[in-house]
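Data first, discussion second: the structure below is written as C-alpha cells.
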2 protein chains.
Amino acid sequence: MSVTELGIVQGVELPTRELLETLTNKWTLPVLCALHETSPMRHGELRRQLDGVSQKMLTATLRTLERDGIIERTVYPEVPPKVEYRLSGLGTSLAAIFSLLQLWAADHASDVQAHRSDSDAVGAPQEKLSAGHRHRGALTA
Amino acid sequence: MSVTELGIVQGVELPTRELLETLTNKWTLPVLCALHETSPMRHGELRRQLDGVSQKMLTATLRTLERDGIIERTVYPEVPPKVEYRLSGLGTSLAAIFSLLQLWAADHASDVQAHRSDSDAVGAPQEKLSAGHRHRGALTA
DNA sequence: CAGTATCCCCTGAGATACTG
DNA sequence: CAGTATCTCAGGGGATACTG
C-alpha cells in the first residue's frame, strides 16, 4: 500500500521554492538572528528586541517556525506564564546563514544607498513599475 | 548648506531591516541564484529558467536589483533587442549567500516536511493564525 | 506574561493586452 | 525579444481589545 492510503500525507512534496518563501517572511530572519545571538529567549524579550513586531506577527512567525522544526517552544506551567524559544539543530544551521545575510546587509547598506542615489540623479524617474496607479485610498490619510 | 537643500536626498538612511526586506521579495533569490550559476543571462533565459515568473515581476525584480547595484544590465542596440544581466561585484557576494540558503532549503525540505506531518498528526488543528476569518470573497470561487 | 480574536489596509504579485 | 500599461485580488501584516 502507498502512504497516501493512510490519509495523512496529502502534500506530495514540499518544493524548495515554497520552503524558501515561508522563510522569507518579514519577521523570520530577525527572529532567527535574535535567537542565534541569545537563546533561549522569552516571548516578551523577542518582542522588545525586534522592535516593531506586533504580538500577532511574532506569534505567527514563531508558530510557523516551530511547526517546521526550526525552533523549539517550551512552556513553563507557572503563573504568570513563561514561554521560551530556542533554535533546534536544524534551526541553528539556518540561523547561521541568515546571520550572514544580515551581516551582508549591514555591511553594504551604504553601498546600496549610494547606488540608489546615483540612479535617482542620473537615470530615470524610475517609478519602479506600475507606480502612479493609485489604489482606493492610498493617500496616506 | 545641508544636502537636503538640494532636494534630492530625502532618505536619511537606509535601515538594514529595510534593505533585507527588499531582498526577500519572492523572485530576488531565484534570480540571483540563477545568475550565480550562469552569467550573463538574457531576459528570456531567466524567464524560462525561473519557471513561474511573470514578465512584470521579473522586470520589476531586475530593475530593483539594478537600482541597488546588485546586478548590471546591458542593452545591445540590435533588432530584435537583446539585454543581458550579470551580477556585479556586490551582487556576487550576495548571491553566494543566497545560494547557501537555497542549498539549505533543498537539503532540508524533507526534514521540514516530516516535522510538519508530525505536528499535523499529533498536535493542534493549527489554523496558523487568524484562519477561519474569511475576507470579502475568499471562497476560492 | 503569552496568546487569541477581530477588523482593516495595503501592496505584492498574477493575468492579459499592447508597443518599439 | 524586451518591456510597459492596466486591472484585479489574495493575504501578509498592522492596530486594538480581550482572556487565562
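- With hydrogens and angles ignored, the 3.5 Å screen pairs a side-chain donor or acceptor of A/Ser93 with a backbone N or O of A/Leu90.
- To the nearest angstrom, P of D/dG12 lies 18 Å from CG of A/Leu29.
- Among the atoms of the strands shown, only primed sugar atoms or phosphate atoms (P, OP1, OP2) are found under 4.0 Å from some heavy atom of B/Arg73.
- Remark: the backbone N or O of B/Thr22 is paired with a side-chain donor or acceptor of B/Asn25 at under 3.5 angstrom.
- At distances below 3.5 Å, at least one donor-acceptor pair connects side-chain atoms of B/Ser88 with backbone N or O atoms of B/Gly69.
- Side-chain atoms of A/Ser39 do not come within 3.5 Å of backbone N or O of A/His36 as any donor-acceptor pair.
- Judged purely by atom type and a 3.5 angstrom limit, A/Thr59 uses its side chain to pair as donor or acceptor with the backbone of A/Gln55.
- In terms of phosphate contacts, B/Arg47 brings no side-chain nitrogen or oxygen within less than 4.0 Å of OP1 or OP2 of D/dA2.
- Across the protein-nucleic acid pair, A/Lys82 atom NZ and C/dA2 atom P stand 10 Å apart, rounded to whole Å.
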task: State the dot-bracket string of DNA chain D. Criteria: Watson-Crick or G-U wobble, both atom distances under 3.5 angstrom; notation: ( ) intrastrand, [ ] crossing earlier pairs, | interstrand, . unpaired.
output: ||||||||||||||||||||
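- Side-chain contact, B/His115 with B/Asp118: no donor N or O sits under 3.5 Å from an acceptor N or O.
- In this entry the distance linking OH of A/Tyr76 with P of C/dG3 reads 13 Å, nearest Å.
- Remark: side-chain polar atoms of B/His43 are not paired, donor with acceptor, to backbone N or O of B/Glu84 under 3.5 angstrom.
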What's touching nucleotides 14-20 of chain C from the protein side, N or O pairs under 3.5 Å?
unit_1	atom_1	unit_2	atom_2	d
C/dG14	OP1	B/Lys26	NZ	2.8
C/dG14	OP2	B/Trp27	NE1	3.4
C/dG14	N7	B/Lys56	NZ	3.4
C/dG14	O6	B/Lys56	NZ	2.2

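- Between B/Arg47 and B/Glu45 no salt bridge is recorded (no basic side-chain N to carboxylate O distance below 4.0 Å).
- Computed from coordinates, the B/Glu18 CD to D/dG13 P distance equals 15 Å when rounded to whole Å.
- Here B/Arg42 does not reach the OP1 or OP2 of D/dC1: none of its side-chain N or O atoms lies under 4.0 Å away.
- The interatomic distance linking B/Leu50 (CG) with C/dA13 (C1') rounds to 14 Å, in whole Å.
- Put simply, CZ on A/Arg63 is 17 Å from P on D/dG13, counting in whole angstrom units.
- Counting non-hydrogen atoms under 4.0 angstrom, A/Tyr85 reaches the backbone sugars and phosphates but no base.
- At distances below 3.5 Å, not a single donor-acceptor pair connects side-chain atoms of A/Asp51 with backbone N or O atoms of A/Arg48.
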